[in-house]
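Here's the structure, in structure tokens; my notes come after.
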Amino acid sequence: MEKIKIKDRIIVLRELIDKYNYYYYSKNSSIISDSEYDILMKELEELERKYLKEEKDNFLSLKVGSTLKNTKFTKAIHKSPMLSLSNSYNIGEVLDFIKKVEKNIIAPKISLSYDLELKLDGISISLIYEDGELVKGITRGDGKVGEDVTENIMSIESIPKKLKEKISLEVRGEIILPISKFNTLNIERLENGEEIFANPRNAAAGTLRQLDSEIVKKRGLDGYFYFLLNAEFFGFTSHLKSIEYLEKLGFKTTGICEKLIEISSIEERIKYWEKEKEKLNYETDGLVLKVDNLEVWDELGNTTKAPRWAIAYKFPAKQVTTKLLGITWQVGRTGKITPVAELEKVTLSGSSVKRASLHNYDEIVRKDIKIGDTIFIEKAAEIIPQVVSVVKEVRTGEEIEIPIVTNCPSCDSILIKEEDTVDLKCNNLECIGKKIGRIKYFVSRDGMNVTGFGDKLVEKFIELGYLNDCADIYNLKNLKKELLEIEKLGEKSIEKLLEAIENSKKASFEKVLYSLGISHIGKYASKILAEKFKNIDNLISMELEDIREIEGIGKKGSESIYYFFRNEENLKIIEKLKGFGVGFSILDEEKNTENFLEFFVGKTFLITGKLSLGTRNQVQDLIKELGGTNSVSINKKLDYLIVGEDAGSKLKKAEKIESIKILTEQEFFNIVETK
Ligand code: IVH
């Protein structure tokens with residue numbers, strides 16, 4: 001780069017970073033993601049260091065925190081500067097840090113050990129205690145001067161106002177808002193029509209900078225501590241031991257300060273915490289590796305910005321910003337209409353992202369999202385990225401409102417908003433979009449798992465008229481000639497696809513049940529139903545009230561199952577699938593006939609009412625063991641109804657069917673006794 005261009009770039013970067021700092025530190029909001037900010041900062045750091053050697057004092061990249069321009073609080077000077085941490089993004093950079101540390105300590109060489117801690121994503125705070133009493137709380141500010149937020153700190157319940165020992169000390173840590181409290185706060189703000197906080201850090205910063213300490217008290221901030229200043233003065237030689245001492249004095253710590261037994265275990269610990277952090281009730285954006293031996297901290301010293309005895313390892317970014325280019329409306333298998341955000345391509349947690357999910361139109365209204373907006377997206381527990389919030393601060397006025405859809409994007413039918421839900425639905429039974437959705441769902445990985453049957457192929461086959469319902473996939477083998485004529489589909493891939501389709505017939509009953517796409521019946525419910533009913537005919541013959549009694553199937557689920565099997569079209573598809581050889585039952589384990597009793601063999605039994613001589617499960621097992629079959633409902637094929645106490649509607653129903661014989665619990669056990 002030519003020198004003049006470099007100067008221009010430095011100006012641009014400084015302006016940008018100044019702006020981001022202003023929003024982050026003064027307005028408690030982020031208009032860029034941490035990872036994007038870090039990249040710009042790294043670039044500025046390199047350019048300033050390389051090309052502006054003479055003006056070191058003015059380097060923006062060497063400044064820590066905020067300028068405190070607009071603070072409403074009294075300023076307070078830090079006795080020792082509050083530094084930041086150097087960042088690293090991969091294991092190589094962490095290992096380089098260790099090498100540098102080992103190289104930098106001079107004789108006598110001692111064997112160093114390292115502690116690994118969580119890096120809390122909150123607001124740094126320094127607390128000063130005199131004779132065991134909390135006297136001051138100061139934010140980091142620009143590292144030299146911070147804001148005196150003592151009154152607010154006093155209203156944080158978990159922060160000790162009086163220590164267990166009457167000593168004077170300075171301790172540093174992080175003020176955070178627990179995730180559970182953050183969620184409740186945002187729900188409340190939504191209900192009051194207030195702007196929601198994009199993340200717990202912004203919410204914590206906004207809360208700590210409230211002038212009304214009553215609000216601080218109400219919101220439930222929390223404080224975790226990770227650094228006792230001048231710990232050596234208290235007789236410690238180990239950082240870990242000083243943290244244990246903080247706990248003893250009454251400070252809250254994360255409880256995670258792991259002494260690394262071997263350097264080589266770092267990689268495994270990083271991987272472990274990357275997953276485990278999701279279970280915590282506070283946000284962490286990385287780990288901090290610290291030299292445990294306090295006696296070398298002074299020797300290692302600090303750079304202008306950060307200590308040389310610690311390094312932060314940042315987790316891959318969960319949130320990034322991008323531009324919303326447009327909205328596509330999609331119709332799913334149940335007719336539910338979902339808006340999908342079309343985005344300017346970005347990298348998120350290592351993969352390239354062009355689309356994100358928005359659950360429904362209400363979410364667009366609630367988050368006030370417009371086309372052209374800069375938005376934060378994140379990868380949550382689900383694999384599909386979600387739209388988190390809009391960066392309203394950078395709106396230009398050119399953004400376009402997103403109109404609500406009125407017609408199905410696939411079949412153009414008028415959409416219906418169902419009672420009690422926020423969902424728009426297409427109720428056209430013939431809607432092609434719904435058909436595509438059902439077949440995609442049927443062949444999906446969690447369903448019949450037909451590998452190589454992608455969305456495009458499903459759509460193509462429907463378009464060509466080869467698929468009308470999911471059972472038709474088993475007829476594709478008879479259309480091989482036609483398939484070979486489709487452009488871009490080679491013989492080999494067709495063979496492979498047909499083989500995968502044939503193989504899918506071996507899918508277990510629970511997978512088959514799931515694949516039918518019954519609303520509200522996911523993987524878990526399908527498993528319960530398959531285990532309970534063993535075959536589809538048992539399930540079809542169930543009455544609504546009986547389905548409702550099944551544990552693990554909700555109200556919506558039971559109604560959905562019941563009505564699914566009352567629909568002729570669905571029953572036809574099931575028959576068609578059976579005809580193709582798809583299994584609709586759990587195959588019974590090999591029976592041990594040794595214990596069979598003639599009375600039971602080939603007979604079906606059902607239990608109703610409360611039993612007193614055994615549990616329902618025990619009696620059902622006994623029936624099986626003796627050669628009988630347990631039925632799930634009253635029907636003409638039932639042979640015996642075993643009646644316990646307080647039997648109700650089932651008994652009444654059975655009495656109307658002549659072929660069913662009624663046995664009391666005692667009579668049943670008398671028969672068993674004859675064995
Ligand atoms: S030690 C001299 N330990 O991260 C700096 N800092 O990005 C000593 N932070 O300014 C800091 N968790 O506010 C330390 N376990 C931890 C931390 C931690 C979060 C914060 C701290 C620091 C910032 C740097």
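Indexing begins at 1, ligand by ligand and atom by atom, following the structure's order.
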Would a line drawn from the ring center of W297 to the ring center of F236 be shorter than 6.0 Å?
no
Measure up the Y37 and Y20 rings against each other and bin them: parallel (under 30°), tilted (30 to 60°), perpendicular (over 60°).
perpendicular
What are the distances between nitrogen or oxygen atoms of ligand 1 and protein nitrogen or oxygen atoms, counting only those under 3.5 Å?
unit_1, atom_1, unit_2, atom_2, d
ligand 1, 3 (N), K290, NZ, 3.0
ligand 1, 4 (O), K119, NZ, 3.1
ligand 1, 7 (O), K119, NZ, 3.0
ligand 1, 9 (N), Y226, OH, 3.3
ligand 1, 10 (O), L83, O, 3.4
ligand 1, 10 (O), R140, NH1, 2.8
ligand 1, 12 (N), L120, N, 3.0
ligand 1, 13 (O), S124, OG, 3.1
ligand 1, 13 (O), E174, OE1, 2.9
ligand 1, 13 (O), Y226, OH, 3.0
ligand 1, 15 (N), E117, OE1, 2.8
ligand 1, 15 (N), L118, O, 3.0

Let's go through E36 and S33 carefully: what are the C-alpha distance in whole Å and the side-chain angles of both, what is the deciding distance for side-chain hydrogen bond (donor to acceptor under 3.5 Å, both in side chains) to 0.1 Å, and is it a yes or a no?
CA-CA 5 Å; E36 290 159 301; S33 70; 2.3 Å; yes
For residues 111-162, pull every pair meeting ring-ring contact (aromatic ring centres under 6.0 Å, His included), keeping only residues two or more places apart or in separate chains.
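Every pair satisfying ring-ring contact (aromatic ring centres under 6.0 Å, His included) with a residue in residues 111-162: Y129-F251.
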Check each of R140, R209, K75, K72 against E147 using the side-chain hydrogen bond (donor to acceptor under 3.5 Å, both in side chains) test, and report the only one that passes.
R209
If you count the non-hydrogen atoms of other residues, nucleotides and ligands that lie under 6.0 Å from CD in E268, is the total more than 12?
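Count over threshold, so yes.
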